[in-house]
Enquirer: 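Below is one structure. I have some questions about it.
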Amino acid sequence: DIGNRLVHAFNTASGIPYGTVNLLHGIPPQETTVASLAGAGTLTLEFELLSRLTGNLKFGKAAKLATRALWVRRSQELNLFGKHIDVKSGKWVEYLSGI
């Protein structure tokens with residue numbers, strides 16, 4: 001049940017998930033379109049695992065699309081990711097990267 005409620009976070013133009021989902025109402029109307037790489041990355045790992053545990057492929061499909069969406073947006077020069085990305089436009093809002 002919770003996976004079905006949270007999967008709506010991945011319904012973005014880029015495939016990169018929103019950072020917040022209201023479990024009763026979905027994406028809040030005033031939710032920011034800026035997501036952190038850490039948040040998006042964590043959701044993709046969790047949804048791939050959820051897909052394997054439940055046998056429901058839609059969770060894994062959403063996770064793979066999000067992973068691919070992030071991967072193609074990495075820096076072409078250094079192969080690094082920024083910290084924050086706009087889930088609608090797919091453009092990095094914060095380009096800095098760290099370890």
Enquirer: Got a donor-acceptor contact below 3.5 angstrom from the Thr12 side chain to the Lys88 backbone?
Expert: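 Flag not set: sc Thr12 to bb Lys88 has no pair under 3.5 Å.
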Enquirer: Roughly how far, to the nearest 0.5 Å, is CG of Asn79 from CZ of Arg74?
Expert: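 Rounded to the nearest 0.5 Å, the CZ-CG separation comes to 4.5 Å.
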Enquirer: Please round to the nearest 0.5 Å and tell me the distance separating atom CZ of Arg52 and atom CD of Glu48.
Expert: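 These two atoms lie 4.5 Å from each other.
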Enquirer: Can you tell me how far the CZ atom of Phe81 sits from the CG atom of Leu37, to the nearest 0.5 Å?
Expert: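 So the CZ of Phe81 and the CG of Leu37 are separated by 6.5 Å.
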Enquirer: Between CH2 of Trp92 and NE2 of His84, what distance do you get to the nearest 0.5 Å?
Expert: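 Between atom CH2 of Trp92 and atom NE2 of His84 there are 10.0 Å.
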Enquirer: Sub-3.5 Å donor-acceptor pair from the side chain of Thr44 to the main-chain atoms of Gly41, do we have one?
Expert: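 Yes.
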Enquirer: Hydrophobic clustering (ILVMFWY, side-chain heavy atoms < 4.5 Å, transitive) - are Leu70 and Tyr95 grouped together?
Expert: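 The answer is yes; both residues are in one hydrophobic cluster.
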Enquirer: Using the rule that Ile, Leu, Val, Met, Phe, Trp and Tyr join whenever any side-chain heavy atoms are under 4.5 Å apart, tell me whether Val93 and Val72 fall into a single cluster.
Expert: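 Cluster IDs for Val93 and Val72 differ.
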Enquirer: Side chains of residues 24-31: which donor-acceptor pairs under 3.5 Å do they make with residues two or more places apart or in other chains?
Expert:
residue: Glu31; atom: OE1; partner: Thr20; partner atom: OG1; Å: 3.4
residue: Glu31; atom: OE2; partner: Thr20; partner atom: OG1; Å: 3.4

Enquirer: Under 4.5 Å between side-chain heavy atoms, hopping through other hydrophobics if needed: is there a path connecting Leu57 to Ile2?
Expert: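 In one cluster: no.
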Enquirer: Taking all non-hydrogen atoms of both residues, which atom of Ala35 and which atom of Pro17 are closest, and how far apart?
Expert: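 Nearest heavy atoms, Ala35 then Pro17: CB-O, 3.6 Å.
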Enquirer: Minimum heavy-atom separation for Ala66 and Phe10, please, with both atom names.
Expert: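 Where Ala66 meets Phe10 most closely, the heavy atoms are CB-CE2, 3.8 Å.
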Enquirer: Okay, side chain of Arg68, backbone of Leu65: is any donor-acceptor separation there less than 3.5 Å?
Expert: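 Side chain of Arg68 to backbone of Leu65: no pair is present.
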Enquirer: Which heavy atom of Tyr18 sits nearest a heavy atom of Val87, and at what distance?
Expert: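 Looking at all heavy atoms of both residues, the closest pair is CE2-CG2, 3.8 Å.
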Enquirer: Quick one: does Ser51's side chain have a donor or acceptor within less than 3.5 Å of a partner on Asn56's backbone?
Expert: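 Pair found, side chain donor or acceptor close to backbone of Asn56.
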Enquirer: Starting at OG of Ser36, measure out to CD1 of Ile16 and round the result to the nearest 0.5 Å.
Expert: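 It comes to 11.0 Å.
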Enquirer: Heavy-atom count check: over 12 atoms from other residues, nucleotides or ligands less than 6.0 Å from Lys64 NZ?
Expert: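 No, not enclosed.
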Enquirer: Working to the nearest 0.5 Å, report the span between CG of Asn4 and CG of Leu23.
Expert: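 If we round to the nearest 0.5 Å, Asn4:CG and Leu23:CG are 11.5 Å apart.
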